[in-house]
Amino acid sequence: MPVRTRRLAPLLGGLAAVALVAGCSAAPAMPRQTATYTPDAAASASPTSAAPVLPAGEPVELARDLAAPWSIAFAGDAVFVSSRDSGEILELVGGGTRVVGTVEGVVHRGESGLLGLAAREEDGADALYAYSTSADGNRIQRFPLRFDNGARVLGQPETILDGIPANATHNGGRIAFGPDGMLYATVGDAQNRAAAQDPASLSGKILRMTPDGDVPADNPIPGSLVYSLGHRNPQGIAWAADGTMFAAELGQDTWDELNIITAGGNYGWPEVEGSAGDPAYIDPVQQWNPDEASPSGIAIAGGTIFVANLRGRVLRSIPVADPTTSAEYFAGESGRLRDVAVGPDRALWMLTNNTDGRGQPAPGDDRLLAVPLG
């Protein structure tokens, strides 16, 4: 959907005003209160440019006291965050957050629940897509966004795909619209390793579908949503300016991966993990020890790939021009990082993930953070 940056300014201005009032008053902070973040000249680099960009400053807190947040999505001037365990979708509003709706029937067990969000403009209005776990497996639903007394709320859901295999772990869960207008979804192996190599199974795959959930005519396997196979637990997808698709994948004990995704490609799991030099499988362009990485969400700004790392507790930057190299930012400062996204303000937005049962929450966790790019 087109970026509508002109409408974001009132939101950021409102945050600044809230922070100013809070700084001048002795009154206690409201629940989920935020600090201010205002883009400056350092954020002027366009995310559509192929030139590399890097963080230009320190992260600033935009929201706090989030419970197991998983995904960030932008729809026009609205910012949404998914809450894995409760099924709530939050909107960043006026220096805090509010619930715009709860995805019904979400089943949380282990790593399952409400996971990825994606937004798209349809027929002049915004729609929100959500990947979540139900009693019958993982599913993708579309929700129209409407206004009730001036506030955004979720409309009635339409399930565009269900029956995706689910488990307490390895659900994948990231969804995003590609530059071709198709909806892509990452699906883990759901603890069924062999299924990742089975073209007839949705497990261990990256899927490609129309916004209505149909199979595109040019998918690599006729009549199938499968775009690539041989994945263990991919949780990040993004596209460079030239259309190259990248995906981040959590390995088991040996290697986490950054892959370039090609239509019909086989990435090896469970036969191989990491680089194997086997011509039957596509090797990653970069790999890391899981203790140092555990990559989840990724985003691309200009010529730089940004990777949010869980166990590694670090933001990585990787040049699109040479994805075999990387640099680290903010190591250990905010704990586990679950998602990263390029906002319509041309800044990098990040979600911490210390309240998901595997982190060590600090006061105020979890948080939505932003840092300018320069």
Side-chain angles (χ1 to χ4, degrees), residues 68 70-71 82 84-85 87 103-118 129-142 157-176 182-210 212-216 219-237 247-252 256-257 259 261 263-273 281 294-297 310 338 356-357:
W70 211 91
S71 182
S82 62
R84 185 193 67 183
D85 301 357
V103 179
E104 297 296 330
V106 167
V107 175
H108 161 61
R109 182 167 64 98
E111 298 173 359
S112 68
L114 175 58
L115 304 177
L117 299 178
Y129 289 69
Y131 183 119
S132 67
T133 311
S134 72
D136 299 320
N138 290 316
R139 62 192 174 175
I140 300 173
Q141 295 175 293
R142 173 169 55 197
E158 175 189 1
T159 300
I160 67 168
L161 179 64
D162 58 9
I164 304 170
N167 205 304
T169 58
H170 302 186
N171 291 286
R174 194 70 60 189
I175 55 175
M182 297 294 116
L183 179 64
Y184 293 74
T186 71
V187 181
D189 67 10
Q191 292 289 4
N192 181 356
R193 295 185 178 195
Q197 288 294 323
D198 180 0
S201 171
L202 298 183
S203 292
K205 309 297 193 297
I206 293 177
L207 309 180
R208 178 176 182 260
M209 67 198 77
T210 71
D212 294 323
D214 297 325
V215 178
N219 265 14
I221 303 174
S224 172
L225 295 173
V226 172
Y227 189 72
S228 63
L229 69 159
H231 299 286
R232 179 179 179 270
N233 193 19
Q235 288 190 3
I237 47 176
E249 182 162 341
L250 292 113
Q252 176 139 324
D256 293 331
E257 302 176 359
N259 290 296
I261 302 300
N266 189 330
Y267 292 82
W269 178 258
E271 304 304 321
V272 299
E273 182 180 351
Y281 309 115
S294 298
S296 188
L310 294 163
R338 172 64 72 180
D356 70 341

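Computed from a predicted structure; not experimentally measured.
Remark: Arg84 fails to qualify as a cation-pi partner of Trp70 under the 6.0 Å distance and 45° angle criteria applied to the six-membered ring.
When every heavy atom of Leu202 is checked against every heavy atom of Lys205, the shortest pair comes out as O-CG, 3.3 Å. The two residues Ser296 and Leu310 come nearest to each other via the heavy atoms CB-CD1, 4.1 Å. Of all the heavy atoms in Leu207 and Leu161, the pair that sits closest is CD1-CD2, 4.0 Å. Considering all non-hydrogen atoms of both residues, Ser228 and Ile261 come closest at OG-CG2, 3.8 Å. Taking both residues in full, the closest heavy atoms of Leu114 and Val106 are given as N-CG1, 3.6 Å, listed atom of the first, atom of the second, then distance. For the pair Asn138 and Pro165, the tightest heavy-atom approach, listed with the atom from each and the gap, is ND2-O, 3.1 Å.
Every residue two or more places apart in sequence or in another chain that forms a ring-ring contact (aromatic ring centres under 6.0 Å, His included) with His231 is listed here: Tyr267. Residues passing the side chain to side chain donor-acceptor pair (under 3.5 Å) test with Arg193 are Gln252, sequence neighbours excluded. With sequence neighbours excluded, no residue forms a side chain to side chain donor-acceptor pair (under 3.5 Å) with Ser112.
Here the CG-OG1 distance, from Leu225 to Thr210, works out to 8.5 Å after rounding to the nearest 0.5 Å. Expressed to the nearest 0.5 Å, how far CG of Leu183 lies from CZ of Arg208 amounts to 10.5 Å. Atoms OG and CG, from Ser224 and Asn219 in turn, are 7.0 Å apart once rounded to the nearest 0.5 Å. Taking CD1 from Ile206 and OH from Tyr227, the interatomic distance works out to 9.0 Å, rounded to the nearest 0.5 Å. For the atom pair CG of Asn233 and OG1 of Thr169, the computed distance is 7.5 Å after rounding to the nearest 0.5 Å. Remark: Asn266 CG to Glu271 CD distance equals 9.0 Å, nearest 0.5 Å.
For Asp256 (side chain) and Ser294 (main-chain N/O), a donor-acceptor pair under 3.5 Å exists by modelled atom type. Distance alone, capped at 3.5 Å, places no donor-acceptor pair between the Arg142 side chain and the Glu158 backbone. Within the 3.5 Å criterion, the main-chain N or O of Leu117 finds a donor-acceptor partner in the side chain of Ser71. Side-chain N or O atoms of Asp189 include none that pairs as donor or acceptor with a backbone N or O of Gly204 at under 3.5 Å.
Screening Arg174, Arg338, His170 against Gln235 for a side chain to side chain donor-acceptor pair (under 3.5 Å) leaves a single residue, Arg338.
The side-chain heavy atoms of Asn167 and Arg109, taken from C-beta on, include a pair separated by under 4.5 Å. Considering only heavy atoms from C-beta on, Arg139 comes within 4.5 Å of Ser132 through its side chain. In this structure the side chain of Pro157 never reaches within 4.5 angstrom of the side chain of Glu104, judged on heavy atoms.
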